[in-house]
Chemist: 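Take a look at the following structure, please.
This is a predicted model, so every value here is computed, not measured. Lettering of chains follows the sequences in order, A, B, ..., and the numbering in each one begins at 1.
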Amino acid sequence: MADALGSGATSAPALTDAHLDRIAARRDVNAYINVTGEMAKVAAATAAQSRDLPLAGIPIAIKDNITVEGVPCTCGSRMLEHWIAPYDAAVVERLKSAGAVILGKTNCDEFAMGSSNENSYFGPVQNPNAPGRVPGGSSGGSAAAVADFQAAAALGSDTGGSVRLPAAFCGVVGLKPTYGAVSRWGLVAFASSLDQVGVLGRTVDDTRRVFEVIRGYDPKDSTSMRDIPVEPIPETLTIGLPREYYGDGLDPEVRRAVTGTAQALQAAGHRLVDVSLPNSPYTIAAYYIICCAEASANLARYDGVKYGYRSASTQDLSSMYGRTRSEGFGMEVKRRILLGTYVLSAGYFDAYYATAQKVRARIAADFTDAFKTIDCLLTPTAPTCAFKLGEKLDDPLAMYLMDIYTTSVNLAGLPAISIPCGRSSAGLPIGAQIIGRPFEENLILSLASEVEERVGGSNNVS
Amino acid sequence: MSITPEDVAHTAKLAQLELTEAEIERFCRELGRITEYMAQLSEAITGDEPSEPVLPLIKDAQALRDDVVVPSFDQKTALSQAPDSKDGFFRVPKVIG
């Protein structure tokens, strides 16, 4: 697309108009919460004058938990339905400076809590590959928009798989950068030690181009890293296949596709090694304790005083807090706040939270040990393909288990990418996940390109 | 460690959430199942191991920025999205009944 723009085959305003038309014609996918058509047209006209910028005229969608100045930032919640962001997130500022055109804000699970995008106050998103099925969550709107040609690329956020899982379900590429590689300034906090802004694109190259613009040190995020050295990429890689990620519960069709991908990479000259990440069985338990604990603290700010929703039916301050939060938050957010408050409360702290932190350290150590002998890991992104809307809504634990292959990456702060690697017999996309050492995004992107070439990459509905 | 309706009600109070009886009943059942699943962590950790800082990445990155005064939101902007404000203050329902 950038090449077509550069060669003059199309213009930035024409490209933006085409995307806005597509969005309007495909409202039933429910990928967007707010479309910023007028702002996009102005940006496209400006971009037409500055073609040398890295993303000049490229239409991009932003998950609705990342702020764009002057535009509502709902986080998929009633709590922030009418909140207008007063500033640009660092990543949005960088996209704008690079000439990108922002099309609007995409639907997501409320406060990014969910694996199916069914927890949005603004209704679920349809999987463009298979209406009636979920797009995955929590960046479901971003993944659906990219898969459905309603955006050239999109930003999402990934706390436990929220970029990679929807990428896998929708048949697009999803990159979760290393913790600290991208500024979180302007990303609404869910679980601060796990959250990271990520990129969704139809190709690895598109994804890389957007990532290169948003990455880098930001003085406003004390966890963002400066001066990250770029390591050379060996021609032949040693790829670990962690046996715990290919065990019970993995759908046979997903297994076949991912194993086939591994064999294709072996045929291309890379080396496959069987490895073990022994603490994997404890990942989901540790992850949900830590993320809920952090969420319960982060979401304490929504109190009906400074901004956001306030319940109309209150007499005193205490009931105002309680009612505002009960009416403003949906069921999953309440569930996680309760769980987080419970695991941090007196009498339970050691059994849950302190133990989970120790397990987190062990999970990170498993990866460090594995990376002594391998360059990266190849795993399935999700245990199954996209499931039906409503299928897991009554069973929160079953929903949590969809994140079984993705959350360990956030606990250890590593970079990972989900890359399309085939389809099921029902035609549903399957994603393979490549996990790298800290700050080795270049290596996993390069290997993902090889998967794209050899296994087919994305072939979406049009 | 099973969770009782009283536990849920107490936790909801700590978290400033007003729940209906039906919600308490539902969360009691769901949180019971989830915490039962989470209890498996006790098998993972035996004995006392120190809880180290988990991410060396985070530790290395803790560089504070220079303490320079820069423009911030003015009072009007800060108050502009408050559900209720008056004379430059946030306004809330009365605290003492």
Side-chain angles (χ1 to χ4, degrees), chain A residues 83-84 86 178-180 193 219-220 222-226 279 281-282 285-286 288-289 296 300 303-310 314-317 319-323 325-326 329 334-335 337-339 341-342 345 351-352 354-362 364 396-397 400 411-413 438, chain B residues 1 3 7-8 10-20 23 26-27 30-31 33-45 48-58 60-66 68 73 77-85 90-97:
Chain A
W83 183 63
I84 313 284
T178 313
Y179 189 80
S193 78
K220 291 185 179 130
S222 68
T223 60
S224 82
M225 290 286 285
R226 26 180 141 208
N279 287 286
Y282 307 113
Y288 276 92
I289 290 170
S296 72
D303 58 2
V305 174
K306 302 175 292 297
Y307 47 80
Y309 177 80
R310 178 190 287 190
T314 58
Q315 298 302 314
D316 57 61
L317 187 66
S319 72
M320 191 277 277
Y321 289 149
R323 264 180 222 166
R325 290 163 62 78
S326 295
F329 291 138
K334 288 185 211 177
R335 189 178 291 122
I337 290 175
L338 286 171
L339 202 50
T341 307
Y342 181 77
S345 62
Y352 292 107
T355 306
Q357 289 294 6
K358 290 177 186 174
V359 173
R360 182 178 190 175
R362 284 191 172 196
L397 187 57
Y400 295 173
L411 288 170
Chain B
M1 256 185 290
I3 292 189
D7 291 332
V8 176
H10 175 66
T11 309
K13 203 175 151 200
L14 294 175
Q16 298 279 8
L17 287 170
E18 213 173 85
L19 300 183
T20 63
E23 282 177 324
R26 178 175 170 179
F27 284 133
E30 291 173 347
L31 299 187
R33 266 199 73 204
I34 295 167
T35 51
E36 198 177 300
Y37 177 83
M38 287 171 169
Q40 63 169 303
L41 286 188
S42 57
E43 319 161 5
I45 301 291
D48 286 336
E49 61 185 272
S51 173
E52 299 161 29
V54 178
L55 297 178
L57 305 171
I58 300 178
D60 295 344
Q62 295 279 353
L64 298 179
R65 65 172 180 257
D66 294 337
V68 181
F73 294 138
T77 311
L79 286 169
S80 64
Q81 302 202 45
D84 194 6
S85 67
F90 293 108
R91 198 154 68 157
V92 296
K94 62 182 171 183
V95 180
I96 301 165

Chemist: Can you name the closest pair of heavy atoms from A:K306 and B:F90 and give their distance?
Modeler: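 The pair with the smallest heavy-atom distance is CA-CE2, 3.5 Å.
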
Chemist: Could you go through the side chain to side chain contact (heavy atoms under 4.5 Å, CB included) check for A:V305 and B:D84 one step at a time?
Modeler: CA-CA 7 Å; A:V305 174; B:D84 194 6; over 6 Å; no

Chemist: Working to the nearest 0.5 Å, report the span between OH of A:Y321 and CD of B:E18.
Modeler: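 Here the interatomic distance stands at 14.0 Å.
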
Chemist: So, B:Q40 side chain and A:A285 main chain: donor-acceptor pair closer than 3.5 Å or not?
Modeler: no

Chemist: What verdict does the side chain to side chain contact (heavy atoms under 4.5 Å, CB included) test give for B:S42 and A:T355, after you've listed the backbone C-alpha separation in whole Å, the side-chain angles of each residue and the deciding distance to 0.1 Å?
Modeler: CA-CA 7 Å; B:S42 57; A:T355 306; 5.7 Å; no

Chemist: Restricting to non-hydrogen atoms, name the atom on A:S345 and the atom on B:L14 that form the minimum distance, rounded to 0.1 Å.
Modeler: CB-CD1, 4.3 Å

Chemist: Within this structure, what is the CG-CG distance for the pair A:L397 and B:L31, rounded to the nearest 0.5 Å?
Modeler: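 One gets 11.5 Å once the value is rounded to the nearest 0.5 Å.
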
Chemist: Do the side chain of A:R325 and the main chain of B:L17 share a donor and acceptor less than 3.5 angstrom apart?
Modeler: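 Here the side-chain-to-backbone pair does not exist.
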
Chemist: Under a 4.5 Å heavy-atom cut-off, does chain A meet the side chain of B:R26, its backbone, both or neither?
Modeler: side chain

Chemist: Which heavy atom of B:P83 sits nearest a heavy atom of A:G308, and at what distance?
Modeler: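 Closest approach of B:P83 to A:G308, heavy atoms only: CG-O, 3.5 Å.
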
Chemist: Counting heavy-atom pairs under 4.5 Å with chain A, which one of B:T20, B:T77, B:T11 comes out on top?
Modeler: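 Winner by heavy-atom pair count: B:T11.
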
Chemist: Checking heavy atoms, do the side chain of A:T341, its backbone, both or neither come under 4.5 Å from chain B?
Modeler: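 Both backbone and side chain of A:T341 come within 4.5 Å of chain B.
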
Chemist: In the structure I gave you, are the side-chain heavy atoms of B:V92 and A:R310 within less than 4.5 Å of one another anywhere?
Modeler: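 The answer is yes, as the side chains (C-beta and beyond) meet within the 4.5 Å cut-off.
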
Chemist: What part of A:Y288 lies closer than 4.5 angstrom to a heavy atom of chain B: side chain, backbone, both or neither?
Modeler: both

Chemist: Out of A:P86, A:S319, A:A300, which one racks up the most heavy-atom pairs below 4.5 Å with chain B?
Modeler: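 If we count pairs closer than 4.5 Å to chain B, A:P86 comes out on top.
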
Chemist: Output the distance between atom CZ (A:R362) and atom CG (B:L41), rounded to the nearest 0.5 Å.
Modeler: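 Rounded to the nearest 0.5 Å, the CZ-CG separation comes out at 10.5 Å.
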
Chemist: Run the side chain to side chain contact (heavy atoms under 4.5 Å, CB included) test on A:D303 and B:Q16 for me, step by step, so that the C-alpha distance in whole Å, both residues' side-chain angles and the decisive distance to 0.1 Å come before the verdict.
Modeler: CA-CA 9 Å; A:D303 58 2; B:Q16 298 279 8; over 6 Å; no

Chemist: I'd like to know if B:E30 pairs up with A:R335 as an ion pair, taking the criterion as any Lys NZ or Arg NE/NH1/NH2 lying under 4.0 Å from an Asp or Glu carboxylate oxygen.
Modeler: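 Judged by the 4.0 Å cut-off on N to carboxylate O distance, B:E30 and A:R335 do form a salt bridge.
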
Chemist: With side chains defined as the heavy atoms from C-beta onward, is the minimum distance between A:K334 and B:E23 less than 4.5 Å?
Modeler: yes

Chemist: Show your working on side chain to side chain contact (heavy atoms under 4.5 Å, CB included) between B:I3 and A:Y342 and close with a plain yes or no.
Modeler: CA-CA 10 Å; B:I3 292 189; A:Y342 181 77; 3.7 Å; yes

Chemist: Count the heavy-atom pairs under 4.5 Å between each of B:A15, B:S85, B:A12 and chain A, then report the option with the highest count.
Modeler: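 Between B:A15, B:S85, B:A12, the count favours B:A15.
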
Chemist: Looking at B:H10, B:K13, B:R33, which makes the most heavy-atom pairs under 4.5 Å with chain A?
Modeler: B:R33

Chemist: Can you tell which of A:R323, A:M320, A:K220 has the highest number of heavy-atom pairs within less than 4.5 Å of chain B?
Modeler: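 Highest number of pairs under 4.5 Å: A:R323.
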
